[in-house]
Structure formats: C-alpha cells, structure tokens
K.L.:
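Sharing a structure with you now.
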Amino acid sequence: MKEVALFIPCFVDQLLPEIGMDMARVLQRAGCAVNFFEEQTCCGQPAFNSGYWQDARPLAERFVRVFSRAEAVVCPSGSCTAMVRRFYPDLLAGTPAAEEAKRLAERVFEFSEFLVNVAGVTDIGASFPHRVTYHDACHTLRELGIREEPRRLLRGVRGLTLVEMANAEECCGFGGTFSTKFPMISAAMGETKAAGAERAGAEYVTSTDPSCLLQLDGILRRRKSQVRTIHLASILARTEADGTNSGNQE
Amino acid sequence: MNAAAEAFLREAAATAANGELHQIVRKGVEHYDAAVERGRARFLDWEAARQRCRKIKREAIDRLDLYLEEFERRVNERGGHVFWAETAEDACRYVTDLAARAGVRTVVKSKSMVSEEIRLNAALETRGIKVWETDLGEFIVQLREEPPFHIVTPAMHLTRRQIAALFREKLGGVQTEDPQELTAVARRELRRAFFSAEMGVTGANFLVADSGAIAITTNEGNARLCSSLPRIHVAIAGIEKVIPRAEDLALLWPVLATAGTGQAITCYNTLVTGPRTASEPDGPEEFHVVLLDNGRSRLLADPEQREVLHCIRCGACLNACPVFRTIGGHAYGTIYSGPIGSVLTPHLRGLAEFQHLSFASSLCGACAVVCPVKIDLPRHLLQNRRNAIAAGLRPAQERTGFRLWRWAMENDRRFTMFGWAARFGWKMARRAGLAGTALDPARRWTKAREMPEIPRHSFRALWRKTHGAG
Ligand code: SF4
C-alpha cells in the first residue's frame, strides 16, 4: 500500500477544507494510506510571488523539513505543487536545504497526476451525472505539463459529460495577490473565463486548483450565473450512493 | 505611488471595463492564433526551431562586444557610418544634427520601435522637419497622434470604421470604408512623401555581423523605399539586435514571421549593406547606423536576466497575454507593452518608476510558451519583483504585512490561531453588514466578486475529528 502525505495548501485548510477531505477520501479509495502532518502551514508561495523571497525562504525550508519523512506528497493545487517542484530550486539555491528540496521535488505530486501516473487509476468508481467543463489551471498546465490526466479522470466518472471551453487554457485571472492588487484587471479576466464556461453549456466548471475555483466561484455568483464550481477531488469523491446533489461551494 | 503607477491603475481599470475594446482585440488575436497555428505546423519541428533560435541569440548576446565591433568594421568598410548612442538623447541628437547639416526638410520612416523608444519624431519635429510614418498601421496612429498599441500591429485597436472616419477627418474627402480603398488613399499620400524626402529612417530586425548588413522585414515594402529613395538612410537599432552570421537568417526570418503574424515568411525581407557604390545606379548616398544602448548594457551585465536581450520583438507574448488582451497596449503607458514590456521597461527606464508593471501579471506563463527565443518571461517578472522589494520600493505596510504573515506561518499553532481569527473577523464583518461597503475588510475582492462561504472548521480541525491528532 502506498503511503501518501497530504499537502493541504494554507487557504484550502482555512477556506475550502472539504476539498482536502474529498481528496483524502479518493486517495484512500485508490488504496493509499493517507497521513496528514499537522506541522505544515504554507509553502511560501504568496511571499515568493510578491517578491518577498526573504520571507518565503524560511517557510520553504520549513516545508522541506516537515515533508522530508514523506514517501509521496499529494496536493490538491497545481500551483502549490509547482511552487515546490519548480520554484523551490530558485528560491533555495545556494542554501543548505537545496539538496533536500531537490529530492523532495521528485516526490511531490499534483492530485490528478498522482492518481493517473503514480497510482495508475483512471476510474475511481465516481458518479456525477452533470455537464462539466475543465479549466486548465495555469501552473498545472504550463509549469507541471498536466493536460490529459484530469480529463482522463473526468471521462471515467459515471454519468459525467465533459464539455470543452474554447478558452480552456486561458488564465482565470486569480494570480494570488494579483487578484487584490489589480482587482479590476483580475475580475475582467475572470469574466472572460466565466463567459467561456457559460458558452460551453456546462453546469459545472472544475479544475485542479482551488484558487482558480475561488476566483471563478466569486465571479460566477456575482454574475448570477447558472454555472457552479467544484474541485476535481470533490467530483471524484462522489459516488452513486451520494445521489446527484453536489458542489463544494453551495 | 508614483505618477506612472497611478496612471497605469487608472487606465488599466478603464480599459478592463471596456467591452468594445476587448472584442476588437480578441478578434485580432483569434485571427492571429489561427494563422500562427498553421504557421507552426509548417515547421518540421517548431520546438527545435525555437531552441536553435535561442542558441543563435545567446551566442550573439554572450559575445555582444565582439559581434558589434565586427558589424561596425564591415559597415565602415563599405563606406557606411556607425554611431554608438549611449542614451536616447545621444541618438536623437545624432539624427537631428545629421538632418540639419544636410538640409533635410522631410523624413520618411518605416516601422521602428526603437525610434519610438527614443522619441525621434518629436525630436525631428522640434527642428522643423516633417516626419512621415510609412507603415500603414504607424501612419494611422500617427494621424491619431497616439503611440502604437502593439509592437507589431500598431493599429490593432481600431476598426475599419474608425480608420475610415479618421481618414475622412484628416485627409479630406475620403468616402469609403473599404480596406483596399483606404489603403490606396494612404498609399497616394505616402508616395508623395517618398519622392520628396531627403532622409529615410528605418529600424533593423537584425544587424548581421559577418556581412555588416542590416536585415529589415516588412509586409508593405515601405522599408525598401525608405532605404533606397532618399539621399540619406539612417537605421536605428538596439545593440541586442546583432546576430553572428547572414546564414542565421535562414532560420530567424521564418521564425520571426511565424511568431509575429503566422506567415511562412514576411513579404519583404531586405538586406541593406551600405550606401550606393560607384557602379550602382541608385541607392542612398549616405548610410548611417545608430546603435542604441539606452540601458541595455545594464541588462547585459546581469547574468540572471541577460536573456531578456534575446527578444526579437515578434509580439507573440503580447497576443498570448490575458492581461494585454484585457487592458490593451496603451494602458501600460510605455513603448513596449505586454509581458516583454513589463519585464524590460523597469530595466530601460528605472525600476523605481516602473516596478508596478512587473506586479501586474497573474504569472500564467502563456507568454513563455509562445516566445520563439524561449525567454522565461514569468521568471523575469518574479525577479523584477524580488529586486523591487530588495530596493525598498514597495510600501512599508506591505513589508510589515508579509513579515507578520511569515511569523504566523512559521508555527502551525500560530497559523491555526490566525486563520481562525481571520475567518471569525470576516464573519463578524459580514454580520455587521460591512460586506460590500467602504469598511469591508475584503473590499478589494468583493468589489467585483463574491466571497466564498466561510467554513466553520478548518481542514486540520476536520481531520482531527475523523482521524484523531496526528
Ligand atoms: S519576449 Fe519573446 S515573444 Fe515577446 S516579443 Fe520578444 S521574442 Fe517575441
């Protein structure tokens, strides 16, 4: 049995805990033994992206320490995964933690890539009879190169119809602190994305990044749209026994 | 906040709300995307081509001094002149003095972003010289008295109808909205200028070291006229435009065309090697090349960001950028806009005044995927941000905020406590009816978006309940 440690991003811990719980359920169903290290806090990305590398560095070092004992680390956010895998090498270059960080980077996985590429699962027995569109979260797609894995998982869900947006790969406009530093630009980008989901005729937009969903949920509800958001893990956690009602942000 | 940052916020917010502009820009970009997709498919291996272009540019930039000197030597051998301009003022002075000495009254120009960068037109006009932009898009924005909207397609933001109205107003008596007829009108105006101009100014897409030639690419053939009809030809280029060998163009030309417009090759590709020789019947009597530094050597000295000088100004990163698509080129308030502009401008014109541009990005990375010379633009935005913080250019409040945040995050108990307090605080604020008001603590979010439902329990609390203490 594969042992996995959950990497629960700080904002998921505080604002979207159900996504973490759903991910844990799915991983268990995939045959993993799931651990949660309570010492974990934040990977440091908000500070790093804002240019405060001095403040991000101790958090990165701390993260590497906390997870050094993990066999595999699984995260419901492509962006936070990318922080560890792609940006820690920059941030920790020349520090004593650099080597350990490099080793850890190879054991940190985004949730969908872990299921498909490591656990070898594409059908987890989920059921979600809805029209769903997949938003390619920027870091999942362009920093981690994950495009097919989440779609394969969605195609394996009973009753689910996957519809594509014309602008599936376009940014939702969240961008961390960008969303509040430049709220008008960020929201206008979100509107463009939301309109794409509506045009695709989807009931739900899903993604591998809770932060994109936070943004899109905020935009869609303000637009009084019929489209709702749901994280991939929450779709996969749904079984026939749960009935048809769902949505993590209802 | 400085004036440039304030203007940016104001302009960006205005254009972000301008649905009509989004439609126009998006239509242009969709057209472009389709063409580029077909264009890339013509390459056996587009990725290999990008890699190879990167290598060529890297070779040139890593030994810039040697290649530039070689270029100068070859230009001199053929009777041309090379002027090394350290600043924009130096460059403008050289060109205006030259024009004054030769009694130039009219200048025709082909498209050149560097001439925009140094504000050459204004410098010439204050000396009483009439300047004609001869690229159709540039001609249009010149008539509108505004800067180019985009480094490759300067009039991207305008509809045919707007252009027709502009021509009607400025050129008199033009009663058509047909693009062909409008082009014919512009051509008629420009022909007269071509024949009367004593000086032609062009940019250069590449400076070819081994042959002392400048390579110019256009779709309208206007650069050929600018460089051959007037008595004096002046080419202005940034020092980073040098490439080692003429044969490098075999790849750089088609790659630039593909990334820029989706064309297999641009319509007119010209190599200019100098003034008319004794055996040639036509061509300019004088040929001058102005090599502009204007901050570029500072970038060259920075090994981390030197690769920004690889840029061939194809404009692909602008088209791919969702921020550019949302706010357009003018809101940046800079000559170079989009991702490359946000990376480059702080280096050319000062981090203090232009650091805000490096923050105005969601770091989505779409630019890095399309850049034909593989510049890692998001990394450079991050590095600019880091440099801005290191230089103490951000508000003290933000600095303190992050220090406090770090202190909270360095310990999971503090994190739990702060998280709880923040959730509780927001709930109280909402209960007190503050949501959406000026006192709303989250108003920068809630102005255009809803807040999520705040959960009662954090993940760690739920986990403890179901799995016990870890
Ligand atoms: S940075 Fe790259 S994509 Fe952008 S203009 Fe320069 S070469 Fe083109």
Side-chain angles (χ1 to χ4, degrees), chain A residues 8 10 12-18 20-21 24 35-42 44 46-56 58-59 62 90 138-139 142-143 169-171 173-190 192 214-215 217-219 221-222 249, chain B residues 9 12-13 16-17 22 322-323 325-327 359-366 368-369 379 382 384-390 394 398-399 402-403 405-406 408-412 415 419 422-423 444-455 457-464 466-467 469-470:
Chain A
I8 302 295
C10 53
V12 171
D13 187 298
Q14 291 299 315
L15 292 177
L16 306 161
E18 282 305 330
M21 295 303 280
N35 294 314
F36 176 68
F37 302 157
E38 280 194 26
E39 311 93 286
Q40 67 181 284
T41 57
C42 171
F48 177 73
N49 281 358
S50 301
Y52 291 87
W53 293 21
Q54 296 292 356
D55 294 314
L59 295 177
R62 189 174 182 282
D90 278 9
C138 294
H139 284 173
R142 285 179 278 268
E143 293 293 342
E169 296 185 3
E170 190 173 28
C171 179
F174 177 69
T177 52
F178 170 74
S179 65
T180 51
K181 274 197 182 104
F182 301 93
M184 302 315 285
I185 307 177
S186 165
M189 287 160 70
T192 306
L214 208 60
Q215 159 92 343
D217 172 65
I219 297 278
R221 282 198 289 138
R222 182 61 60 90
Q249 274 149 19
Chain B
L9 273 180
H22 295 173
V323 173
R325 294 180 189 194
T326 302
I327 67 171
F359 289 89
S361 160
S362 63
L363 301 173
C364 82
V369 177
R379 284 277 194 312
L382 280 167
N384 282 356
R385 293 179 185 189
R386 179 205 57 198
N387 296 348
I389 274 78
R394 300 290 301 175
E398 184 183 283
R399 228 174 25 239
F402 270 105
R403 207 166 297 152
W405 171 86
R406 162 186 155 183
M409 291 294 183
E410 274 181 320
N411 173 298
D412 52 293
F415 164 61
R423 281 184 290 140
R444 295 186 73 81
W445 179 273
T446 54
K447 209 169 157 219
R449 293 158 288 211
E450 297 297 326
M451 276 293 262
E453 279 310 314
I454 303 297
H457 300 293
S458 66
F459 175 84
R460 58 193 62 221
L462 291 179
W463 186 265
R464 265 190 188 218
T466 48
H467 296 77

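Letters A, B, ... mirror the listed sequences (proteins, then strands); counts begin at 1. Not measured: the values here are computed from a predicted model. Side chains are part of it too, since the values below use all heavy atoms of this structure and drop only hydrogens, waters and symmetry mates.
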K.L.:
Could you work out, with ring pair (Phe, Tyr, Trp, His ring centres under 6.0 Å) as the rule, every residue matching Phe459(B), not counting sequence neighbours?
P.N.:
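In terms of ring pair (Phe, Tyr, Trp, His ring centres under 6.0 Å), with neighbours along the sequence ignored, Phe459(B) is linked to Phe36(A), Trp463(B).
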K.L.:
Working to the nearest 0.5 Å, report the span between OG1 of Thr180(A) and NZ of Lys447(B).
P.N.:
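Here the interatomic distance stands at 13.5 Å.
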K.L.:
Name the residue from Arg386(B), Arg394(B), Glu398(B) that meets the side-chain hydrogen bond (donor to acceptor under 3.5 Å, both in side chains) definition with Tyr52(A).
P.N.:
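It is Glu398(B); the other options fail the test.
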K.L.:
Is it the side chain or the backbone of Ile185(A) that comes within 4.5 Å of chain B heavy atoms, both, or neither?
P.N.:
both
K.L.:
Counting only non-hydrogen atoms closer than 4.5 Å, does Arg423(B) touch chain A with its backbone (N, CA, C, O), its side chain (CB onward), both, or neither?
P.N.:
side chain
K.L.:
If you tally heavy-atom pairs under 4.5 Å against chain A, which of Ala390(B), Ala422(B), Ala366(B) wins?
P.N.:
Ala366(B)
K.L.:
Tell me which of these, Leu363(B), Leu9(B), Leu382(B), Thr466(B), has more heavy-atom pairs under 4.5 Å with chain A than the rest.
P.N.:
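That would be Leu382(B).
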K.L.:
Between CZ of Phe178(A) and OG of Ser361(B), what distance do you get to the nearest 0.5 Å?
P.N.:
7.0 Å
K.L.:
Under a 4.5 Å heavy-atom cutoff, which of His22(B), Arg385(B), Met409(B) has the most pairs with chain A?
P.N.:
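Going by pairs under 4.5 Å, I would pick Met409(B).
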K.L.:
Less than 4.5 Å to any heavy atom of chain A: does that hold for the side chain of Arg379(B), its backbone, both, or neither?
P.N.:
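When you check distances to chain A, only side chain atoms of Arg379(B) fall under 4.5 Å.
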K.L.:
Non-hydrogen atoms of chain A under 4.5 Å away: do they reach the side chain of Leu462(B), the backbone, both or neither?
P.N.:
both
K.L.:
Could you have a look at Thr177(A), Asp90(A), Asn35(A) and say which one has the most heavy-atom pairs with chain B under 4.5 angstrom?
P.N.:
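The residue among Thr177(A), Asp90(A), Asn35(A) with the greatest pair count is Asp90(A).
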K.L.:
Who among Pro322(B), Ala461(B), Ala368(B), Ala408(B) has the most heavy-atom pairs with chain A under 4.5 Å?
P.N.:
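Among Pro322(B), Ala461(B), Ala368(B), Ala408(B), the one with the most close pairs to chain A is Pro322(B).
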K.L.:
Would you mind checking which part of Asn387(B) comes under 4.5 Å of any heavy atom in chain A, side chain (CB onward), backbone (N, CA, C, O), both or neither?
P.N.:
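The answer is neither part of Asn387(B).
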K.L.:
Heavy atoms only, distances under 4.5 angstrom: which of Pro46(A), Gly176(A), Ala24(A) has the most pairs with chain B? Name it, please.
P.N.:
Pro46(A)
K.L.:
Going by side chain to side chain donor-acceptor pair (under 3.5 Å), name the residues that satisfy it together with Ser186(A), two or more places apart in sequence or in a different chain.
P.N.:
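Listed in chain order: Gln215(A), Arg449(B).
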K.L.:
Please classify the contact between Ala388(B) and chain A as side chain, backbone, both or neither, with a heavy-atom cut-off of under 4.5 Å.
P.N.:
neither
